[in-house]
Amino acid sequence: MSFCFLSPIFVQHLSAVYSVGVNYGTLGNNLPPPTQVAQFFKDKTTIDRINIFDVNPDILRAFSGTRIFVAVTVPNGEIPNLVNIKYARRWAGNNIKPFYPQNKINYILVGNEVLHWGPQNLIDNLVSAMKTLHIALIRYGIQGVNVTTAHSLGILESSQPLSLAKFRPGWDKGDLAPMLQFLHETKSPFMVNPYPYFGYSPEQANFALFKPNSGLHDKYTKQTYTNMFDLLIDVVHIYMKKMGYGDVEIAVGDSGWASAGKTFEPKC
Ligand SMILES: *[C@@H]1O[C@H](CO)[C@@H](O)[C@H](O)[C@H]1NC(C)=O
């Protein structure tokens, strides 16, 4: 569970926050059972949305009937199967329908950072799987659930300044344009996982960590950015707009800062 991102990113901006989400990962030792996690979130926190990296029924049952929105993830390996409508219906019937509407499932993420990690047959089937799953949900009468997928910022080519970054050639027209078209049609957000951490350098520590700093003026966007997070999100938006999809919302999938990373890594 990455709680760490709550402190650097959100606490100082609390006045602007109306929603706090965490990723509830299950790779770890001595994890408390889902019922205990759900109870803790409900009683002791204002967390109102979680993201899980699968469709774990125990977690979904634990959050059933609570105020907490849940984003679930289709495992990457299911992507090629999901382009088949019969399979997609069965998948939705087994994994989503039993929890709808008692669980406030707001997003179904089709795979995780698929463009970044591949392999190619997942990349090639991604948009098609998203579309088919969307149709399967509608046939079940499951409404208002956004089908999207989370991208690492590896979708961007590195550039100097960052605001001139483009989506990687090949992915831009081949994968991201049809995906953005689908998201536009279904009013679903484009989801990214911005890690201010990866751009870290000691000189930019304050900028990366939301601490007071002199800001970064960008002569192309004519904006002064006061933190890396805003800059990263704006860079994505600038290029979405260039592709004609400036109206598609951006959602943040995960972000954070290692609380116990490698010894050379900065701590939050
Ligand atoms: C996605 O979510 C938005 C905002 O809640 C909603 O307006 C839209 O209808 C949803 N899309 C689908 C396909 O349910």
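Each ligand, and each atom within it, is numbered from 1 in the order the structure gives. In this chain, numbering begins with 1 at the start of the sequence shown.
- Under 4.0 angstrom from ligand 1, the non-hydrogen atoms of Val145 all belong to its backbone.
- Leu122 and Leu115 fall within a single hydrophobic cluster, where Ile, Leu, Val, Met, Phe, Trp and Tyr side chains are chained together by heavy-atom contacts under 4.5 Å.
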Run the numbers on Asn112 and Thr73 for side-chain hydrogen bond (donor to acceptor under 3.5 Å, both in side chains), then give the verdict. CA-CA 7 Å; Asn112 187 40; Thr73 309; over 6 Å; no
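- Scanning the protein for heavy atoms near atom 10 (C) of ligand 1, the closest one is Asn146 ND2, 2.5 Å.
- Proximity of atom 4 (C) of ligand 1 to the protein is not indicated, since no non-hydrogen protein atom lies closer than 4.0 angstrom.
- Counting only N and O atoms by type, the side chains of Gln223 and Asp234 include no donor and acceptor under 3.5 Å apart.
- Residues satisfying the salt bridge (Lys or Arg N to Asp or Glu O under 4.0 Å) test with Arg61, not counting sequence neighbours, are Asp58.
- Numbered from 1 in the order shown, with element, the atoms of ligand 1 that lie under 4.0 Å from a heavy atom of Gly144 read 14 (O).
- Residue pairs meeting the side chain to side chain donor-acceptor pair (under 3.5 Å) criterion with at least one member in residues 100-110: none, sequence neighbours excluded.
- Nearest protein neighbour of atom 9 (O) of ligand 1, counting heavy atoms only, is Thr186 O, 4.4 Å.
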